[in-house]
Every structure is written in structure tokens, then in C-alpha cells.
2 protein chains.
Amino acid sequence: MSDTAPPIRILTVDDHPMLREGVASVIEAQPDMVLIGEAANGREAIESFRQHRPDVTLMDLQMPDMNGIDAINAIRGEFPDARIVVLTTYKGDVQALRALKAGAMGYLLKSMLRKELLETIRAVHAGRRRVPPEIATEIAEHAADDALTEREIVVLKRVAVGSANKQIAATLGISEETVKAHMKSIMAKLSANDRTHAVTIALNRGIIEM
Amino acid sequence: MSDTAPPIRILTVDDHPMLREGVASVIEAQPDMVLIGEAANGREAIESFRQHRPDVTLMDLQMPDMNGIDAINAIRGEFPDARIVVLTTYKGDVQALRALKAGAMGYLLKSMLRKELLETIRAVHAGRRRVPPEIATEIAEHAADDALTEREIVVLKRVAVGSANKQIAATLGISEETVKAHMKSIMAKLSANDRTHAVTIALNRGIIEM
DNA sequence: CGGGACATCACCCGATTGGGGAAGTGACTG
DNA sequence: CAGTCACTTCCCCAATCGGGTGATGTCCCG
């Protein structure tokens with residue numbers, strides 16, 4: 001807290017320049033923070049991280065080229081003590097869970113206020129984890145128990161684009177009966193009425209993307 | 001262009017404070033623009049418009065409480081010469097069409113650059129329409145011809161949450177055969193393989209929301 | 001007034017889906 | 001090594017969906 005303490009060096013990663021601009025202007029108004037880099041996707045994020053070694057990284061999840069989860073995994077693989085805060089629009093609870101599993105120390109929604117952003121940056125920089133209670137409870141409610149398996153997600157993605165069980169079976173090289181078994185399991189886990197409902201639930205929770 | 005010309009007075013409407021911050025910092029760096037208000041949803045936008053009468057309004061579409069389309073309609077109803085620029089994340093082409101029909105003069109994506117934002121603000125302020133070619137062509141491709149009717153959208157929304165035709169018929173007080181007829185029409189218009197596909201296409205195009 | 005779009009309903013029939021239960025394989029783990 | 005989990009396959013059968021075709025009434029527009 002002394003005025004000789006080095007500032008917190010921050011990297012922002014988001015594909016919306018305007019959003020980065022907002023974060024930048026908030027950070028630059030803080031005496032104890034300095035923005036040292038920006039990136040528009042996961043790939044740039046990794047490069048920029050290697051180059052600048054920021055104290056705290058603010059990472060969006062939904063980006064072209066390379067998404068935030070993969071970027072977090074890559075960065076934490078190389079720099080295990082990297083402090084990363086996820087800053088994203090809603091996007092479902094599974095994303096949040098994945099990000100935290102990948103080693104994110106904080107999770108923020110873009111609808112949150114400046115104050116919360118700054119508090120989270122300072123907390124994470126100090127080595128503390130920081131996840132808003134709304135997010136934490138939502139993660140606890142879903143995700144943990146009834147997570148879809150890899151295979152089920154593959155199947156559900158095909159269903160989302162209008163494939164029939166028979167077609168899915170053909171492209172995956174398995175029996176139609178197997179696809180039906182996966183569908184039964186998917187609908188049970190998501191408490192969906194039918195395949196369409198399963199798709200919309202999965203989209204809402206961030207289990208599949210469009 | 002003389003330095004005695006009054007500045008362009010701007011109102012920003014978006015539910016993400018961080019995004020508003022970004023727009024604000026860009027605008028405040030311009031000598032010929034001034035930010036005179038912010039709003040976080042459609043309702044606040046209308047209030048703020050009445051109070052400040054901005055020259056140009058930057059409006060997000062997807063907001064809680066009251067969405068951007070409704071806000072544009074309300075504002076243009078009261079102030080027919082209001083100049084409104086839509087500034088949104090992707091969100092499908094139907095949204096863009098609706099916004100332009102509602103009287104928006106410009107359409108911008110949040111992934112666009114500062115330069116384009118400023119150019120659009122100046123163009124719209126000068127009374128010119130300004131829509132990026134990508135958006136314009138996408139609107140031309142879809143929307144116009146095979147738009148869903150009100151009734152079809154109602155039906156499709158129910159399908160999205162897992163209702164069977166029979167249930168939809170019951171809640172709408174019509175025959176199941178009628179629901180099936182609507183579904184046939186919907187799938188034909190959207191070129192969907194099945195009901196699930198119809199839902200994901202409609203979500204992508206912004207025809208229905210989640 | 002003659003379309004044209006919309007919403008409604010009907011019938012037929014094959015294809016697809018979804019619910020039930022059962023069971024074999026391989027891999028990983030306590 | 002026994003147990004669990006993911007993935008796989010099979011059977012039966014009722015319910016639902018989707019395609020084809022046709023028809024009625026209404027409302028609005030030229």
C-alpha cells in the first residue's frame with residue numbers, strides 16, 4: 001500500500017476492442033495498476049503473456065481463433081502461477097466451471113461494476129480466489145453431478161444441427177441403438193422433455209456452442 | 001468543422017458498464033463529441049432521451065427490462081428525428097432488420113474498431129444512414145422473403161422449451177393438426193431438417209431468444 | 001371483387017423418437 | 001481384484017413427428 005509498491009501489471013484479452021477500451025480506462029485511472037498489453041484472442045493472449053508476464057490477466061471466454069478456456073490451460077501449463085480472471089458475458093455455468101478447473105482465480109460478468117472489477121483484480125493479485133456468490137451457487141447446482149460425457153456432447157452437437165439418430169450413427173461409425181442410448185442419457189441428465197429441449201438447455205448452460 | 005461548432009451530444013445505452021466505459025473513453029477523446037448520458041436498459045434509455053435529447057444515441061439490443069428494439073420504437077415514436085445507432089454483439093440478422101425497420105440509422109458490431117464507431121457517429125449525425133456491407137448483405141440474403149409469421153414464432157418458442165405438438169395445441173387452444181401445419185411451414189421457411197434444427201437456426205438468426 | 005397471405009383443421013402413412021429393460025467390453029481406481 | 005464408469009449393442013413398443021394433399025374462413029390490398 002506504500003506509494004513505492006510496484007503497480008499491478010495487467011493484460012486484457014477480449015475480441016471486442018470497445019470492451020478492452022473500457023477496461024483500459026478503468027485501470028488507467030488507478031494509481032496502483034498499469035495496463036501492459038491487449039489481445040483479441042487466445043493465441044495472441046499466449047504470445048502476449050510470454051512477452052510481458054503480467055501480474056493479472058483478464059480473459060474473455062468466447063473468442064474467435066482460440067477460446068479462453070484453451071488459452072487459460074496453455075498459459076497455466078507454461079506458467080503455473082499465472083493469475084487469471086475470467087471476464088465474460090453470461091454464457092452458462094459450465095464455462096465457469098471449466099475456467100475455474102483450468103486454473104482461473106476469478107470470474108466476473110461484464111455486467112458487473114467497476115468496483116467489483118477492481119476488487120477482484122486486487123484480490124487475485126494478492127493470491128486470493130474470487131468468484132461471485134451467484135456464479136458459485138449456480139456451479140454447485142448444476143455441472144458437478146450430471147455433466148455430459150465427451151461422447152454425449154459430440155452426439156448432442158449433431159442433434160443441434162438437425163441430424164437424425166441414423167445419420168449420427170453413420171458419421172460416428174456406431175450403431176443407431178448406441179446413439180439412442182446416448183440420447184436417453186443426455187435427456188435424463190439435463191431433465192429435458194425431448195431432443196430439442198436438450199439442445200436449448202445445453203446451449204444455455206454453455207455445454208455446446210452455436 | 002470550425003472549432004465553434006457545437007459538439008455532438010451522445011447517449012450510450014448498454015447493460016455492460018464496462019462497455020459503456022469503453023465507448024465513453026473513446027468519445028471523450030474526440031474534440032467534437034460529448035457524452036451526455038448513459039443508460040443500462042430500454043426504460044432508462046427512453047427517460048434519458050427525454051431528458052437530454054441527444055444528437056446521437058448508441059443502443060445495444062439485448063438488455064434486461066426493455067430491449068433495444070422496443071426502446072427504438074418508443075423513442076422514434078416520440079421523437080421522429082432521433083438518430084440512433086445500434087451497437088451490439090452479433091446476435092443474428094433478424095435483429096438488425098428489425099432495428100433498421102424501427103428507424104435505426106446505423107448498425108455496428110462491438111467487435112468493430114474505434115474508427116468505425118466514430119465514422120458512424122459522424123455519418124449518422126450528419127443525417128446519413130450507415131450500415132456495414134456484411135450486415136447489409138446478410139439482411140438481404142435472409143429475412144425479407146421467408147420471415148416467420150407471429151403465430152409461427154409463438155409455436156417455435158414452445159418447441160424450443162420442449163413442448164410436444166399436442167401440448168402446444170392445448171395451451172394455444174388450437175388443434176394439433178394446426179400446430180403440425182405451422183411446423184411444416186416453419187421448417188420449410190428455415191430449410192431445417194427437423195424441429196430441433198429449426199430452433200437452432202431461429203436462435204442463430206435472432207428470430208427467437210433464449 | 002378477385003387475389004393473396006394467414007390461420008385453422010383434416011386424413012393418411014411411413015419414419016423417427018423416446019421409454020423400458022438388459023448386458024457386454026475396456027479402462028481406470030481404490 | 002472388485003467396482004465404477006464410459007461406451008457400446010440389442011430388443012420391444014407406444015408415442016410423436018414429418019411429408020403429402022386438400023380445404024375452410026378471414027382479413028386486407030389493389
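In what follows, chains are A, B, ... by sequence order, proteins preceding strands, each numbered from 1. Please read these numbers as outputs of a predicted model, since none were measured by experiment.
Proximity note for B/Lys180 (side chain, C-beta onward) versus D/dT9, C/dC12, C/dT8: the nearest is C/dC12. The side chain of B/Met187 has D/dG18 as its nearest neighbour among D/dT9, C/dA7, D/dG18. Closest contact between the side chain of B/Lys166 and the listed nucleotides D/dC7, D/dC10, D/dT16 involves D/dT16. With distances taken from any side-chain atom of A/Thr178 to the nucleotides C/dT8, D/dG20, D/dT8, the minimum falls on D/dT8. Taking only side-chain atoms of B/His182, from C-beta outward, the nucleotide of D/dT8, C/dT17, C/dT8 with the closest atom is C/dT8. Closest contact between the side chain of A/Ile174 and the listed nucleotides C/dA7, C/dC9, D/dT9 involves D/dT9.
For C/dT17, the OP1/OP2 oxygens have a side-chain nitrogen or oxygen of A/Asn165 closer than 4.0 Å. Applying the 4.0 Å criterion to OP1 and OP2 of D/dC5, one finds that A/Thr149 has every side-chain N and O outside that range. Residue B/Arg151 places at least one side-chain N or O closer than 4.0 Å to OP1 or OP2 of C/dT8.
For the pair A/Gly173 and B/Ala181, both in contact range of DNA chain D, the more 5′-proximal nearest nucleotide belongs to A/Gly173.
For B/Glu177 against C/dC11, a side-chain N or O and a base N or O form a donor-acceptor pair under 3.5 Å.
As a whole-Å value, the separation of B/Ile168 CD1 from C/dT8 P is 13 Å. Atom pair B/His197:NE2 and C/dT17:C1' shows a separation of 18 Å (rounding to whole Å applied). Taking atom CD of A/Glu176 as the reference point, atom C1' of D/dT9 lies 12 Å away to the nearest angstrom. If you take CE of A/Met183 and C1' of D/dT16, they are 14 Å apart, rounded to a whole angstrom. Between the NZ atom of B/Lys184 and the C1' atom of C/dC9 there is a distance of 11 Å, given to the nearest Å. Separating the CG atom of A/Leu148 from the C1' atom of D/dC5 is a distance of 15 Å, rounded to the nearest angstrom. Taking atom CG on A/Leu156 and atom P on C/dG18, their separation rounds to 11 Å, with Å as the unit. Note: CG (A/Asp194) to P (D/dC17) measures 7 Å, nearest angstrom.
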From CA spacing to verdict: salt bridge (charged side-chain N to carboxylate O under 4.0 Å, His left out), A/Asp65, A/Arg43: CA-CA 7 Å; A/Asp65 220 358; A/Arg43 208 170 308 283; 3.5 Å; yes
Determine, stepwise, if the pair B/Arg98 / B/Asn67 fulfils side-chain hydrogen bond (donor to acceptor under 3.5 Å, both in side chains). CA-CA 12 Å; B/Arg98 279 205 209 125; B/Asn67 72 51; over 6 Å; no
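The two residues B/Leu156 and B/Ala202 have their closest heavy-atom pair at CD2-CB, 3.6 Å.
Side-chain contact annotation: A/Glu209 with A/Gln95, donor-acceptor N/O pair under 3.5 Å present.
Between B/Lys189 and B/Glu152 there is a salt bridge, with a side-chain nitrogen of the basic residue lying less than 4.0 Å from a carboxylate oxygen of the acidic one.
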